[in-house]
Amino acid sequence: MSRSIDLIADLGEGFGSWTMTDDDALTRIVTSANIACGFHAGDPSTMRDTVALCVDRGVAVGAHPSFPDLRGFGRRPIELAPSDLEADVLYQLGALDAFLRPHDRHLNHVTPHGSLGNMTAVREDYARAVARAVRTFDPQLTVAYQESWMTRAAEEEGLPVARIGFADRGYNDDGTLVGRNSPGAFVTDADEVAERAVRMAVEAVVTTVTGTSLSMPVDSILVHGDSATAVAKAATVRQRLEAAGVTVAAWSDR
């Protein structure tokens with residue numbers, strides 16, 4: 001039975017003259033993008049240009065909100081009152097949406113970035129704050145993240161949910177991502193990343209850092225854009241998915 005999987009990358013994560021990765025090349029491969037909204041990366045010009053590039057290439061645009069942490073690239077845990085976090089996320093959704101309006105387009109999904117994403121996975125208060133912000137902005141907007149408190153809170157708010165598999169990150173046996181400073185956090189070989197992506201898409205399983213096979217039904221596969229090998233990994237993943245009979249398409253195209 002044929003499956004359809006959305007292939008996502010994080011884009012627009014530059015700032016000023018500094019760039020993170022080859023967004024131009026990635027938009028020729030992926031079907032959806034998580035675009036930085038200015039809190040961990042992405043100044044207004046970068047946001048505008050990345051949105052225009054995605055629209056031109058037919059790539060669905062999602063928001064990638066973060067903690068307010070430009071210096072730490074959104075990877076440092078921050079304690080905020082849930083009401084403040086809710087306001088921060090709502091602000092970022094509005095900022096990115098402003099650059100879609102001239103194209104007569106709308107946000108396709110929301111994926112929390114970095115430490116915010118990690119904390120919404122395990123903290124009910126943060127997950128509910130993000131879900132409330134999304135519902136306030138647009139109750140039809142999809143929340144895309146790994147199965148966790150974030151997806152549960154979104155469902156309880158009545159929001160559409162898409163579950164993401166991180167093919168280039170290591171998983172613990174409880175389904176959380178291995179910490180970035182721990183052994184096994186990253187999968188760098190393009191062939192291995194692609195093998196993991198196919199297994200997620202076809203078998204709904206991922207191998208954890210202990211070698212355990214963990215059930216992981218996914219609607220989408222994410223390849224991180226913040227590495228020198230991001231383009232090669234994304235291209236290999238797409239090739240292998242299609243070779244396995246998986247249709248690669250954004251949720252909005254189904």
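Computed over heavy atoms, backbone and side chain alike; hydrogens, waters and symmetry mates excluded.
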Considering only heavy atoms from C-beta outward, does the side chain of Val59 approach that of Thr31 to under 4.5 Å? no

I want to check something: taking the side chain as every heavy atom from C-beta on, are Met200 and Ile221 in contact at a cut-off of under 4.5 Å? yes

Let me see the working for Val130 and Met150 under side chain to side chain contact (heavy atoms under 4.5 Å, CB included), right down to the final yes or no. CA-CA 8 Å; Val130 171; Met150 186 67 260; 3.9 Å; yes

Please determine whether a side-chain nitrogen of the Lys or Arg among Asp69 and Arg75 lies less than 4.0 Å from a carboxylate oxygen of the Asp or Glu. no

Quick check: does any side chain N or O of Arg3 sit under 3.5 Å from a backbone N or O of Val246, one acting as donor and the other as acceptor? no

I'd like to know if the side chain of Tyr145 and the backbone of Gly117 have a donor-acceptor N/O pair within less than 3.5 Å. yes

Distance-only donor-acceptor check, side chains Asp43 and Thr46, under 3.5 Å: yes

Please report the closest heavy-atom contact between Ala234 and Leu7, naming both atoms and the distance. O-CD2, 4.0 Å

Student check: side-chain heavy atoms of Leu96 and Val61 closer than 4.5 Å: yes

Salt bridge or not for Arg57 and Asp24, using N-O below 4.0 Å? yes

Begin from the C-alpha positions of Leu141 and Asn108 and carry the test side chain to side chain contact (heavy atoms under 4.5 Å, CB included) through to its verdict. CA-CA 6 Å; Leu141 188 55; Asn108 185 63; 5.8 Å; no

Report yes if the side chains of Ser32 and His109 come closer than 4.5 Å at any heavy-atom pair, otherwise no. yes

Using the rule that two of Ile, Leu, Val, Met, Phe, Trp, Tyr join whenever any of their side-chain heavy atoms come within less than 4.5 Å, decide whether Val248 and Leu222 are in one cluster. yes

Can you see which heavy atom on Ala167 is nearest to which on Ala197, and at what distance? CB-CB, 4.0 Å

Linking I/L/V/M/F/W/Y whenever any side-chain heavy atoms sit under 4.5 Å apart, do Val205 and Tyr171 land together? no

Side-chain heavy-atom pair Asn172, Thr208 within 4.5 angstrom cut-off: no

Cationic N near anionic O, under 4.0 Å, Glu157 to Arg128: no

Interatomic distance, Phe99 atom CZ to Ser45 atom OG [nearest 0.5 angstrom]: 7.5 Å

For the side chain of Arg163 and the backbone of Pro217, is there at least one donor-acceptor N/O pair under 3.5 Å apart? no

Heavy-atom nearest pair, Gly12 first then Ala36, reads O-CB, 3.5 Å

Would you say the ring centroid of Phe166 lies under 6.0 angstrom from that of His224? yes

Closest heavy-atom pair and its distance - Thr120, Pro112: OG1-CG, 4.0 Å

Quick one: OH on Tyr126 to CG on Leu85, what's the gap to the nearest 0.5 Å? 6.5 Å

Examine distances only and state if a side-chain atom of Thr111 and a backbone atom of Ala144 form a donor-acceptor pair shorter than 3.5 Å. yes

Of the non-hydrogen atoms in Ala133 and Glu86, which two are nearest, and what is the gap between them? CB-O, 3.4 Å

Tracing side-chain links under 4.5 Å among I, L, V, M, F, W and Y, which residues wind up in one group with Met20? Trp18, Phe73

Tell me if a side-chain donor or acceptor on Asp23 pairs with a main-chain N or O of Leu11 at a distance below 3.5 Å. no

Shared ILVMFWY cluster between Leu70 and Ile78, side chains joined below 4.5 angstrom? no

Please tell me if the side chains of Leu80 and Phe67 come closer than 4.5 Å, counting only heavy atoms from C-beta onward. yes

Just how far is it from atom CD of Gln92 to atom OG of Ser66, taken to the nearest 0.5 Å? 6.5 Å

Arg199 and Ser213 side chains, donor-acceptor separation under 3.5 Å: yes

Cluster check Leu26, Val55: I/L/V/M/F/W/Y, side chain < 4.5 angstrom: yes

Roughly how far, to the nearest 0.5 Å, is CZ of Arg105 from CG of Asp97? 12.0 Å

Give a yes or no on this: more than 12 heavy atoms of other residues, nucleotides or ligands lie within 6.0 Å of atom CG of Asp174. yes

Does the side chain of His106 come under 3.5 Å of the side chain of Asp138 through a donor N or O and an acceptor N or O? no

Spacing of Leu214 atom CG and Thr207 atom OG1 [to the nearest 0.5 Å]: 9.0 Å

Is the shortest heavy-atom distance from the side chain of Val218 to the side chain of Ile164 under 4.5 Å? no

Under 4.5 Å between side-chain heavy atoms, hopping through other hydrophobics if needed: is there a path connecting Ile35 to Leu90? yes

What one should report as the nearest heavy-atom pair of Val198 and Ala244 is CG1-CB, 3.9 Å

Scan residues 178-192 for pairs that pass side chain to side chain donor-acceptor pair (under 3.5 Å), counting only residues two or more places apart or in two chains. Asp191-Arg240

Neighbour count above 12 (heavy atom, 6.0 Å) for Glu147 CD: yes

Could you walk me through whether Val193 and Thr236 satisfy the side chain to side chain contact (heavy atoms under 4.5 Å, CB included) test, starting with their C-alpha distance in whole Å, then the side-chain angles of each, then the deciding distance to 0.1 Å, before giving a yes or no? CA-CA 8 Å; Val193 172; Thr236 304; over 6 Å; no

Tell me whether Thr151 contacts the main-chain N or O of Ser148 through its side chain, where contact means a donor paired with an acceptor under 3.5 Å. yes

Could you walk me through whether Leu159 and Thr142 pass the side chain to side chain contact (heavy atoms under 4.5 Å, CB included) check? CA-CA 6 Å; Leu159 297 165; Thr142 297; over 6 Å; no

Could you tell me whether the side chains of His40 and Glu13 share a donor-acceptor contact shorter than 3.5 Å? yes

When you compare the side chain of Val30 with that of Ile8, does any pair of heavy atoms fall below 4.5 Å? no

The reported gap from CD in Glu79 to CG in Asp84 (rounded to nearest 0.5 angstrom) is 12.0 Å

